[in-house]
Amino acid sequence: EEAQREAAFEARIAAGDFIEPKDWMPEHYRKTLVRQISQHAHSEIVGMLPEGNWVTRAPTLKRKAILLAKIQDEAGHGLYLYSAAETLGTSRDQMLDALHTGKAKYSSIFNYPTLNWADIGVIGWLVDGAAIMNQVPLCRCSYAPYARAMIRVCREESFHQRQGYESLLVMMREGTAAQKAMVQDAVNRWWWPALMMFGPEDKDSPNSEQSIRWGIKRVTNDQLRQKFVDATVPQAEILGITLPDPDLKWNAEREAHDFGKIDWSEFWRVVNGEGPLNRERLGARVKAWEDGAWVRDAALAHARKQATKEQA
Ligand code: ACO
């Protein structure tokens, strides 16, 4: 009977059907989704930290208002995504516990420091740009609650990308020589980590094949990385900055850009907790959780009181 259910499920996937929470699904499909969606949620929440660092130092009221809105969007994305993962039968407490104990991953990119104001623009341009490239295909993920959440997330992500690019354009067109140098410095530091966001090369990606077969991922890590490089090169030209890769050049035969070798040892170091700020990022999340204990206790005490009142 199990084999029959599995075959029926595979047939639905093959027909392009979307799977809803109450539908039968293989255990491994459920697990893969909980892993990916919860890690995605953690990335949104941890991703607030590098930018939060600059709220008090934004150069103008306009930039501050934009930055605050963007960080609040990210909190919202985290909450939708936790909700989507909860529909698969995992509690938010379980997911947060996995983050806080270092069992769950979150995107490598958020373990790098934001050293100057241009970093905020570059995060919008490159980091959110890479995120959109990866997330637009997720709007067609075979698991419907995730796909639905991604539609709104992508619209907001697109605003994040544009605000970043626009702030860099202003610095490059109207800025001083020092401000222009700041943009170039930020691009030099974020370019390679942004390319790493797409994950290991397809040949080294243990999850890709099954996730593509199930329609969880629609496009592979390498394909998305290539699309990102091709989309970004002309934007860099308009900005007037150089991308820090001497091997980056147009390949007319492939109709795509060739680019240099990614330092995969750096990638795995960061993924495995040894990046520049892994300890600080996780420490900040654990502290926020512990500082919030009294709110959770009060909410539970209130709920208990309401329940006894209703019984009486
Ligand atoms: N940072 C940290 N871990 C990563 C990264 C990364 N940039 N890329 C891959 N990994 C991890 C995977 O999670 C996996 O580990 P796990 O099996 O313990 O979960 C391992 O490296 C091997 O990678 P893959 O087999 O390629 O994993 P997967 O098929 O899940 O693909 C990807 C990784 C592309 C990140 C996918 O999970 C995905 O599309 N996730 C949704 C998008 C997302 O999380 N974005 C977060 C950053 S953007 C933002 O939040 C603004």
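In listed order, ligands and their atoms are each counted from 1. Throughout, numbering of the chain's residues begins at 1 and tracks the sequence.
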message: Assess the residue pair L248 and D258 against the criterion (side-chain contact (heavy atoms from CB on, under 4.5 Å)); give the C-alpha distance rounded to whole Å, side-chain angles, the decisive distance to 0.1 Å, and a yes or no.
response: CA-CA 6 Å; L248 183 64; D258 291 337; over 6 Å; no
- request: Decide side-chain hydrogen bond (donor to acceptor under 3.5 Å, both in side chains) for R152 and Y80; before the verdict, give the C-alpha distance in whole Å, the side-chain angles of both, and the deciding distance to 0.1 Å.
  value: CA-CA 10 Å; R152 175 157 175 185; Y80 300 148; 2.5 Å; yes
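Annotation: atom 29 (O) of ligand 1 to nearest protein heavy atom, K217 NZ, 2.7 Å. Remark: minimum distance from atom 47 (C) of ligand 1 to any protein heavy atom is reached at S107 CB, 3.6 Å. Of all protein heavy atoms, the one closest to atom 20 (C) of ligand 1 is W268 CH2, 4.2 Å. Among all protein heavy atoms, the one lying closest to atom 14 (C) of ligand 1 is N207 ND2, 3.8 Å. Ranking protein heavy atoms by distance to atom 1 (N) of ligand 1, first place goes to S108 N, 2.8 Å. From the protein, the heavy atom lying nearest to atom 10 (N) of ligand 1 is F267 CZ, 4.1 Å. Atom 26 (O) of ligand 1 has as its closest protein heavy atom S205 OG, 2.7 Å.
Remark: ligand 1 atoms within the under-4.0 Å shell around heavy atoms of Y106 are 1 (N), 2 (C). Atoms of ligand 1 lying under 4.0 Å from any heavy atom of Q39, numbered from 1 in the order shown and given with element: 13 (O), 19 (O). Annotation for ligand 1: atoms under 4.0 Å from non-hydrogen atoms of A131 are 48 (S), 51 (C). Within ligand 1, counting atoms from 1 as listed, the ones closer than 4.0 Å to a heavy atom of F198 are 34 (C). Every atom of ligand 1 with a heavy atom of M196 under 4.0 Å away is listed here by number and element: 7 (N). In summary, the atoms of ligand 1 found under 4.0 Å from a heavy atom of N134, numbered by their order in the structure, are 34 (C), 38 (C), 39 (O), 41 (C), 42 (C). For ligand 1 and N221, the ligand atoms under 4.0 Å from any heavy atom of the residue are 26 (O), 34 (C).
Side-chain atoms of E274 and N278 form no donor-acceptor pair, as typed in the model, at a separation below 3.5 Å. Looking only at atom types and distance, the side chain of N188 has a donor-acceptor partner in the side chain of Q184 under 3.5 Å away. E255 and W250 share no side-chain donor-acceptor pair at under 3.5 Å. A donor-acceptor contact under 3.5 angstrom links the side chains of R92 and S83, judged on distance only. With no hydrogens or angles considered, no side-chain donor-acceptor pair links E74 and H77 at under 3.5 Å.
The environment of R155 atom CZ is sparse: at most 12 non-hydrogen atoms of other residues, nucleotides or ligands sit within 6.0 angstrom. Under a cut-off of 6.0 angstrom, the local environment of CD in Q4 is sparse, with at most 12 non-hydrogen atoms contributed by other residues, nucleotides or ligands. Heavy atoms from other residues, nucleotides or ligands lying under 6.0 Å from CZ of R162 number 12 at most.
Taking only nitrogen or oxygen atoms, main chain and side chain alike, Y146 does not reach within less than 3.5 Å of ligand 1. Here's the thing with S211: none of its N/O atoms is less than 3.5 angstrom from an N/O atom of ligand 1.
Residues E209 and T220 fail the side-chain proximity criterion, which asks for heavy atoms closer than 4.5 Å. Under the 4.5 Å side-chain criterion, counting only non-hydrogen atoms from C-beta, D128 is in contact with K70.
In this structure, H40 and Y146 have perpendicular ring planes: the angle between them is above 60°, well past the 30° mark.
The shell of residues lying under 4.0 angstrom from ligand 1, judged by heavy atoms, includes Q135. Not a single heavy atom of G47 sits closer than 4.0 Å to an atom of ligand 1.
Between the choices M197, K105, M133, the shortest heavy-atom distance to atom 18 (O) of ligand 1 belongs to K105. Across P200, S43, G199, A130, heavy-atom proximity to atom 23 (O) of ligand 1 is greatest for P200. Counting only non-hydrogen atoms, the option in R35, M48, Q210 that gets closest to atom 19 (O) of ligand 1 is R35.
Closer than 4.0 Å to atom 34 (C) of ligand 1 lies at least one heavy atom of the protein.
In Q36, the part holding a heavy atom less than 4.0 Å from any atom of ligand 1 is the side chain.
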